Amino acid sequence: MHTKRINNAGRLVIPKEILDIFQLHEGDQVDITHNERQIVIEPHRQRYVCAVTGKVADEAIRIGEAWISKEGLKQIVQYMSSE
């Protein structure tokens, strides 16, 4: 465990040892969330909301203004095949 002090600007330093474990480097982004008891800091993973399924996906392609996941594409192909 590492105990760190938050500075007057609200910043804290993540120890290099932890940055190395998660392969984080200067300029990388992290996601910060919380629950009732914890602040959670995770490496940022791009996530998309599929315009077809409405589900969050780690991978998607952009068609016009919409993001479509692989599952969404399968549904589109299935729909088009049944016509």
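All figures in this text were calculated on a predicted structure; none of them were measured in a lab. When a residue number appears, it is its place in the shown sequence, counting from 1.
- When the side chains of ILVMFWY residues are joined at heavy-atom separations under 4.5 Å, either directly or via intervening members, Val77 and Met80 end up in two distinct hydrophobic clusters.
- Applying the side chain to side chain donor-acceptor pair (under 3.5 Å) rule to Glu59 yields no partners; only residues at least two apart in sequence or on another chain are considered.
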Let me have the donor-acceptor pairs involving side chains of residues 13-24, under 3.5 Å, with sequence neighbours excluded, atom names and distances please.
residue, atom, partner, partner atom, Å
Lys16, NZ, Asp20, OD1, 3.0
Lys16, NZ, Asp20, OD2, 3.1

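- Residue-environment remark: NE2 (His2) exceeds the threshold of 12 foreign heavy atoms within 6.0 Å.
- Every residue two or more places apart in sequence or in another chain that forms a side chain to side chain contact (heavy atoms under 4.5 Å, CB included) with Ile6 is listed here: Leu12.
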May I have the list of side-chain donor-acceptor pairs in residues 44-57 shorter than 3.5 Å, sequence neighbours left out?
residue, atom, partner, partner atom, Å
His44, ND1, Asp31, OD1, 2.7
His44, ND1, Asp31, OD2, 3.3
Thr53, OG1, Lys55, N, 3.1
Lys55, NZ, Glu71, OE2, 3.3

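- Legend: residues meeting side chain to side chain donor-acceptor pair (under 3.5 Å) with Asn35, ordered by chain and number and at least two apart, are Gln38.
- Remark: Arg5 CZ is loosely packed, at most 12 non-hydrogen atoms of other residues, nucleotides or ligands lying under 6.0 Å away.
- Taking the side chain to side chain donor-acceptor pair (under 3.5 Å) definition, one finds that Gln29 meets it with nothing, sequence neighbours left out.
- Side-chain heavy atoms closer than 4.5 Å link hydrophobic residues (I, L, V, M, F, W, Y) into clusters, and following such links, even through other members, never connects Val30 to Val40.
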